[in-house]
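Let me begin by presenting the structure, written as structure tokens, before commenting on it.
Labels below follow one simple rule: chain letters A, B, ... track the order of the sequence lines, proteins then strands, and each chain is numbered from 1.
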Protein chains: 2
Amino acid sequence: MSSLPFAADNPAAPQGTAGVATPAFSPLYQQIKGLILQSLQQGEWKPGEAIPSEMELAARFRVSQGTVRKAIDELAAENLVMRRQGKGTFVSTHAEQHVQYRFLKLLPDTGDARVEGPAQRRVIDCRRVRANADVARALALRSGDAVTQARRILSFAGVPTILEDIWLPGQAFKGLTAEQLANYQGPTYAMFELDFGVRMVRAEEKIRAVLPDEEQAQLLQITPVTPLLSVERIAYTYNDVPMELRRGLYRTDTHHYRNELS
Amino acid sequence: MSSLPFAADNPAAPQGTAGVATPAFSPLYQQIKGLILQSLQQGEWKPGEAIPSEMELAARFRVSQGTVRKAIDELAAENLVMRRQGKGTFVSTHAEQHVQYRFLKLLPDTGDARVEGPAQRRVIDCRRVRANADVARALALRSGDAVTQARRILSFAGVPTILEDIWLPGQAFKGLTAEQLANYQGPTYAMFELDFGVRMVRAEEKIRAVLPDEEQAQLLQITPVTPLLSVERIAYTYNDVPMELRRGLYRTDTHHYRNELS
DNA sequence: AAGTGGTCTAGACCACAAC
DNA sequence: TTGTGGTCTAGACCACTTG
């Protein structure tokens with residue numbers, strides 16, 4: 001039984017005539033959304049599991065089903081939960097996505113990603129280091145804090161296509177090994193959920209065109225004058241907490257980065 | 001007074017027991033959405049104008065306000081209309097976007113796009129040609145059909161940053177001149193709305209890293225070994241009809257392409 | 001048959017903008 | 001004061017899934 005900031009029989013935003021700035025106000029369904037979010041964040045329901053039914057949540061929060069519904073609508077729009085008619089509402093997970101890689105927008109020019117199958121992974125490096133200024137800033141850490149750094153190559157149909165450098169906060173990802181990164185079947189983000197309880201919910205990418213240095217070119221088996229996509233990604237858990245910095249170099253001779261605008 | 005495929009007092013999907021495949025069924029609010037979309041498409045309400053109030057539409061379609069509301073909710077989510085509390089619901093337009101360029105995701109590395117101000121445009125070329133196979137496929141035309149082709153350079157703070165080639169269906173854009181492309185104040189897509197009645201509603205982009213040829217390098221005042229972002233965009237009007245093919249070459253030494261994932 | 005999400009309605013009230 | 005979109009409720013019924 002949770003207590004609401006503003007309960008249903010204790011209407012929100014009573015609009016005092018004090019004349020000062022509007023007090024922090026949010027509609028009921030936003031408050032409900034916040035409470036559900038809190039439960040998600042605290043792990044009350046695990047990825048892939050069903051959350052309580054709308055009627056149950058309505059009773060628990062003492063609001064109507066319609067209000068819970070609108071809260072869940074927004075959570076579903078943000079891909080935090082998934083609704084399935086007749087079954088229930090489920091916590092999103094990177095493990096059972098209809099598309100294999102939720103955050104990877106690189107597609108083969110030949111259209112169909114399914115024919116490629118999953119990428120082959122080769123982990124080149126995985127070790128604990130101290131964060132430099134750039135990494136620290138991206139992950140909201142202090143310079144010198146412990147981070148786990150990894151480098152790996154993803155190949156499609158045997159062709160090395162992506163070279164990735166990954167930085168993870170040392171605290172949350174204590175004990176991460178190269179074997180885990182290499183051998184886990186399925187998306188790496190699913191492994192993060194399962195082994196570390198870290199769910200990536202959102203990400204931002206900055207994309208540039210670059211030329212590889214000698215080492216990068218060698219790893220991707222290309223010449224140093226092959227232009228590459230540099231994709232710098234920061235992935236966030238709940239509450240906009242950054243939990244991963246990833247810098248990918250994508251070959252785009254047989255693949256392209258696809259984006260939809262509206 | 002429109003007649004609905006399934007009226008409110010003539011319940012949809014009576015679920016015949018014929019045992020064959022489910023007949024085409026869509027909920028009432030989807031039908032309403034379709035009707036509103038049709039009016040938008042036919043220009044019953046122009047970009048920037050208000051559409052009728054929810055109550056009016058509810059009366060017109062003989063459904064409840066809540067049903068109209070849900071239809072408009074989806075249209076708003078797709079950026080086809082914009083709601084403004086207390087004022088009404090307005091047809092989206094590229095002219096008065098809160099961000100100046102709705103489809104341009106290139107931002108200065110220094111964060112704030114506003115300090116740059118609008119881009120300086122220099123039109124290099126604008127002429128009618130016949131569509132080759134690639135252009136024809138992208139625009140759903142036949143090879144040899146008339147298209148208007150243009151090339152221009154966008155500069156920020158005096159630095160040539162984007163080289164764009166644009167292809168437009170000749171029929172819809174009859175009479176387009178270099179002067180229009182160069183002199184119109186505001187987004188080019190706003191000019192398309194105003195002068196040609198063509199509203200771009202959605203777009204898809206394929207992004208690659210490339211090296212410029214001699215001519216491209218000269219126009220952008222860079223060396224031919226400067227890697228560039230190649231952004232191939234197809235923009236669509238209503239009903240997924242492609243109305244523009246655009247290929248941009250972006251310098252990414254001082255700017256980056258920004259994308260958000262969820 | 002029971003339980004879930006999905007749709008639709010009707011009515012009340014709130015917040016915002018314009019007159 | 002009026003009209004708009006925004007919130008909230010309560011109840012009915014539909015569609016899908018499971019037992």
Side-chain angles (χ1 to χ4, degrees), chain A residues 4-17 21-34 36 45 49-77 81-91, chain B residues 4-17 21-34 36 45 49-77 81-91:
Chain A
L4 289 177
F6 302 98
D9 47 2
N10 181 8
Q15 176 69 1
T17 56
T22 308
F25 161 74
S26 66
L28 241 195
Y29 76 89
Q30 287 284 5
Q31 301 178 38
I32 304 302
K33 180 185 171 188
I36 297 176
W45 316 300
E49 289 180 7
I51 72 175
S53 75
E54 296 179 352
M55 289 303 277
E56 278 182 78
L57 289 172
R60 165 157 156 188
F61 298 131
R62 296 157 165 276
V63 298
S64 76
Q65 189 218 13
T67 300
V68 170
R69 185 165 191 77
K70 182 143 190 187
I72 294 181
D73 275 346
E74 293 208 349
L75 294 172
V81 298
M82 282 193 32
R83 328 185 75 141
R84 285 185 229 164
Q85 181 169 141
K87 301 188 70 176
T89 300
F90 298 78
V91 182
Chain B
L4 290 177
F6 300 99
D9 48 0
N10 182 9
Q15 175 69 356
T17 56
T22 308
F25 161 74
S26 66
L28 240 195
Y29 76 89
Q30 286 285 4
Q31 301 176 40
I32 304 301
K33 180 185 171 187
I36 297 176
W45 315 300
E49 289 180 5
I51 71 174
S53 74
E54 295 178 352
M55 289 303 277
E56 279 182 76
L57 290 172
R60 167 159 156 189
F61 298 132
R62 296 158 164 279
V63 298
S64 76
Q65 189 218 12
T67 300
V68 170
R69 185 165 190 78
K70 182 144 189 186
I72 294 181
D73 275 346
E74 293 207 350
L75 294 172
V81 298
M82 283 194 30
R83 328 186 76 142
R84 285 185 230 164
Q85 183 171 142
K87 299 187 70 174
T89 301
F90 297 78
V91 182

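When rounded to the nearest whole Å, the span between CD of Glu74(A) and P of dC8(D) equals 11 Å. Remark: P of dT7(D) and CD1 of Ile32(A) are 14 Å apart, rounded to the nearest angstrom. As rounded to whole Å, 13 Å separates atom P of dG5(C) from atom CG of Leu75(A). Residue Gln30(A) contributes atom CD, which lies 14 Å from atom C1' of dC8(D) at whole-angstrom precision. Atoms CD (Gln65(A)) and P (dT7(D)) sit 18 Å apart, rounded to a whole Å. Here the P atom of nucleotide dG6(C) and the CZ atom of Arg69(B) are 19 Å apart, to the nearest Å. Between Leu28(B) atom CG and dG6(C) atom P there is a gap of 17 Å when expressed in whole angstrom units. Counting to the nearest Å, the P atom of dC8(D) and the CZ atom of Arg62(A) are 17 Å from each other.
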All N/O pairs under 3.5 Å across the protein-nucleotides 2-4 of chain D interface:
{"from": "dG3(D)", "atom 1": "N2", "to": "Gly86(B)", "atom 2": "O", "distance (Å)": "2.9"}
{"from": "dT4(D)", "atom 1": "O2", "to": "Gly86(B)", "atom 2": "N", "distance (Å)": "3.3"}

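Considering only residues two or more places apart in sequence or on other chains, Lys33(A) meets the salt bridge (charged side-chain N to carboxylate O under 4.0 Å, His left out) condition with Glu74(A), Glu78(A). Every residue two or more places apart in sequence or in another chain that forms a side chain to side chain donor-acceptor pair (under 3.5 Å) with Gln65(B) is listed here: Glu54(B).
Interatomic distance, CZ of Arg69(A) versus OG1 of Thr67(A), reported as 12.0 Å (0.5 Å rounding). With rounding to the nearest 0.5 Å, the separation of CD1 in Ile36(B) from CZ in Phe61(B) is 5.5 Å. Expressed to the nearest 0.5 Å, how far CD1 of Ile32(A) lies from CG of Leu75(A) amounts to 11.0 Å.
Counting heavy atoms from C-beta outward, Glu56(B) and Val68(B) have side chains that stay 4.5 Å or more apart. Between Ile72(B) and Ile51(B), the closest side-chain pair of non-hydrogen atoms falls below 4.5 Å.
Nearest-nucleotide assignment on DNA chain D puts the 5′-proximal partner with Asp73(B), out of Val68(A) and Asp73(B).
Of all nucleotides listed (dA10(C), dC8(D), dG5(D)), dG5(D) comes nearest to the side chain of Arg83(B). The side chain of Val63(B) lies closest to dT9(C), out of dT7(C), dC8(D), dT9(C).
In this structure, Lys70(B) does not reach the dC8(C) phosphate: none of its side-chain N or O atoms is under 4.0 Å from OP1 or OP2.
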